[in-house]
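Everything on this sheet refers to the single structure shown next.
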Number of protein chains: 2
Amino acid sequence: MEETIKVLVADDHTMFVDGIDSILKDERDIEVVGRCYDGPSVIEFLKKESADLVLLDVNLPDMNGIEVCKIVNKDFSGTKILAISMFNEESFVTEILNHGAEGYILKNTGREELLTAIRTVNGGKTYFSKDVTQTIMKSLMKSRKASNSSKGFIPKISRREKEVLKLIIEEFTTQEIAKELFISLKTVESHRSSLLAKTNARNTAGLVRITIENKLLD
Amino acid sequence: MEETIKVLVADDHTMFVDGIDSILKDERDIEVVGRCYDGPSVIEFLKKESADLVLLDVNLPDMNGIEVCKIVNKDFSGTKILAISMFNEESFVTEILNHGAEGYILKNTGREELLTAIRTVNGGKTYFSKDVTQTIMKSLMKSRKASNSSKGFIPKISRREKEVLKLIIEEFTTQEIAKELFISLKTVESHRSSLLAKTNARNTAGLVRITIENKLLD
DNA sequence: ATATATCTAGGGGTATTCCCCCAATAAAAT
DNA sequence: ATTTTATTGGGGGAATACCCCTAGATATAT
């Protein structure tokens with residue numbers, strides 16, 4: 001005889017949690033033992049009661065899903081994690097899987113797939129939505145490409161170059177930048193030249209676009 | 001005796017639709033008559049069957065929630081729209097309300113509020129989540145500010161100017177743009193000058209930044 | 001330790017942008 | 001109907017950006 005799978009639902013969208021609740025309550029082998037609306041609550045809950053599996057939203061307020069994942073894996077190793085998210089974002093997927101999540105499904109997966117995912121992960125295996133699998137594949141391809149070909153790859157921009165770049169985007173001219181940073185006009189020109197080379201831009205317009213698109217100033 | 005409210009649920013996240021389904025099926029006065037996972041399906045559905053209310057996700061694939069809203073209001077005036085979204089984004093809220101939605105709730109609202117919202121909107125009134133009301137207030141404050149001070153306001157950019165702007169951002173020089181568009185170099189300069197004036201930019205760098213930040217090419 | 005990258009700065013020149021002035025035609029808004 | 005905006009184009013000039021070259025001092029990584 002199988003035991004019931006004790007599930008903790010962690011998502012800040014009440015309506016969503018309600019929905020999952022409604023879906024799971026019809027299943028005899030699954031029991032929702034708690035619901036949390038932010039990261040810290042998950043940890044608090046697990047300190048008091050046990051759960052076999054956490055249905056964990058990647059994008060939680062207060063504490064990131066990835067942070068929660070880390071802690072759960074370290075302190076509550078008996079509890080599995082099934083990540084769940086709106087977004088099939090490469091960064092989310094790879095990061096949370098690297099921090100101990102056993103599965104990743106999207107919020108646009110149906111009732112049946114949700115149940116399959118819960119039972120699979122609880123059984124000690126991993127489960128990914130079809131779309132997520134593709135994303136993971138893409139990610140692997142990319143990391144291979146990035147190391148081979150040099151397209152789309154932007155070398156590290158130095159501290160000083162960043163300062164110059166920031167001022168360029170704020171519409172400073174080369175002269176103004178030189179005064180602002182107390183360096184020669186020629187030095188600023190040199191930095192600009194390096195920036196164009198590194199970003200593979202043909203001119204300032206491209207430099208600004210590439211900077212914003214690739215968030216080079218973060 | 002009251003009739004049942006016929007609700008059509010339109011959201012691309014299956015799991016979410018399942019959840020709403022589960023919530024609504026317990027209510028005697030509400031009946032879910034259909035579910036759609038993209039914009040065009042909503043229109044198709046309404047052509048065949050009727051619905052009193054559409055629970056419409058603002059961010060739908062294929063066709064934007066706002067587009068759907070427009071069409072429903074024009075062609076199916078008997079059908080009310082209750083917009084629903086993950087995001088309490090000012091732009092989403094104001095836009096869809098300007099196109100005929102009778103209510104706007106967030107996905108983090110609870111079961112009870114969802115039911116209240118549906119019944120309120122069906123009754124011919126409007127309903128907004130508390131958070132959304134605040135956003136609307138903010139928006140009103142802003143538009144007042146914007147009409148007084150001239151900051152952040154960008155005049156409409158013409159068709160030809162957009163073409164030029166697009167090429168600027170793609171790193172074309174004035175000469176190249178002239179060849180591409182089969183016009184004189186002087187004409188392109190004239191357009192560039194207008195673009196700088198309209199965006200209040202000092203140079204190309206600022207023009208590109210402002211264009212991207214304000215999504216002027218959409 | 002030796003190589004690589006960074007920050008600094010110059011000379012000299014070309015290309016490009018930006019500014020002022022102007023103006024005709026066509027379309028769109030009031 | 002009249003005004004405003006869009007689109008087109010020009011002359012001329014100042015400011016800025018971009019390119020080539022070199023090069024020393026310093027820091028960082030292998």
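Sequence lines set the chain letters: A, B, ... in the order given, protein chains first and strands last, and positions in each chain run from 1. Computed from a predicted model, the values in this text were never measured in an experiment.
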Checklist line | Donor + acceptor pair across side chains of A/Arg202, B/Thr173 (<3.5 Å) | finding: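 Side chains of A/Arg202 and B/Thr173: no pair found under 3.5 Å.
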
Whole angstrom value for the distance that separates [atom2] of [N] from [atom1] of [X]:
X        : N      : atom1 : atom2 : answer
B/Glu161 : D/dT5  : CD    : P     : 12 Å
B/Arg202 : D/dA17 : CZ    : C1'   : 14 Å
A/Ile157 : C/dC7  : CD1   : P     : 11 Å
A/Lys156 : D/dA27 : NZ    : P     : 15 Å
A/Arg160 : D/dT26 : CZ    : C1'   : 14 Å
B/Leu195 : C/dC18 : CG    : C1'   : 13 Å
B/Leu196 : C/dT17 : CG    : P     : 11 Å
B/Leu207 : C/dT17 : CG    : C1'   : 12 Å

Below 4.0 angstrom, N of the basic side chain to O of the carboxylate: do [X] and [Y] qualify?
X        : Y        : answer
A/Glu189 : A/Lys186 : yes
B/Lys166 : B/Glu163 : no
B/Glu44  : B/Lys47  : yes
A/Lys198 : A/Glu161 : yes

Next item on the list: Give, ordered by number, those residues of residues 180-193 of chain B having at least one heavy-atom distance below 4.0 Å to an atom of DNA chain D; if nothing qualifies, reply none.
Entry: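 Going residue by residue through residues 180-193 of chain B, the ones with a heavy atom under 4.0 Å of DNA chain D turn out to be B/Ile183, B/Ser184, B/Lys186, B/Thr187, B/Ser190, B/His191.
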
Notebook entry, point to check: Got A/Ile157 and A/Leu195 here, is their nearest side-chain heavy-atom distance under 4.5 Å?
Noted result: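 In contact.
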
Item checked: Note, B/Ile81 side chain near B/Val72 side chain (heavy atom, < 4.5 Å) ->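 Of all side-chain heavy-atom pairs linking B/Val72 with B/Ile81, at least one is under 4.5 Å.
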
Next item on the list: First locate atom CG of B/Leu217, then atom OG1 of B/Thr211, and finally report the distance between them rounded to the nearest 0.5 Å.
Entry: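 Reported to 0.5 Å precision, the distance equals 6.0 Å.
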
Notebook entry, point to check: Which distance, rounded to the nearest 0.5 Å, do you find between the CZ of B/Phe76 and the CD1 of B/Ile43?
Noted result: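 Reported to 0.5 Å precision, the distance equals 6.0 Å.
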
Checklist line | Degree of bending in the helix from C/dA1-D/dT30 to C/dT30-D/dA1 once both end axes are built from five pairs, to 10° | finding: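 That helix has its two terminal axes inclined by roughly 80°.
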
Do the side-chain N or O atoms of [X] get closer than 4.0 angstrom to the phosphate oxygens (OP1, OP2) of [N]?
X        : N      : answer
B/Arg159 : D/dT7  : yes
B/Ser158 : D/dT5  : no
B/Gln175 : C/dT16 : yes

Checklist line | Interface residues of residues 162-174 of chain A with DNA chain C (non-hydrogen, below 4.0 angstrom) | finding: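 None, since no heavy atom is under 4.0 Å.
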
Margin query: Please determine whether side chain to side chain donor-acceptor pair (under 3.5 Å) holds for the pair A/Arg192 and A/Thr204, giving the CA-CA distance in whole Å, both sets of side-chain angles, and the decisive distance to 0.1 Å.
Written below: CA-CA 9 Å; A/Arg192 291 191 80 129; A/Thr204 304; 3.1 Å; yes

Next item on the list: Counting heavy atoms from C-beta on, name the nucleotide in D/dA6, C/dC18, C/dC7 closest to the side chain of B/Thr204.
Entry: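 Comparing D/dA6, C/dC18, C/dC7 against the side chain of B/Thr204, the answer is C/dC18.
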
Next item on the list: Identify which one of B/Asp11, B/Asp21, B/Asp57 satisfies the salt bridge (charged side-chain N to carboxylate O under 4.0 Å, His left out) criterion when paired with B/Arg35.
Entry: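 Exactly one candidate clears the test, B/Asp21.
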
Item checked: Test side chain to side chain contact (heavy atoms under 4.5 Å, CB included) applied to A/Ile118 and A/Leu82, A/Ile105, A/Asp52, the passing residue ->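 Answer after filtering A/Leu82, A/Ile105, A/Asp52: A/Leu82.
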
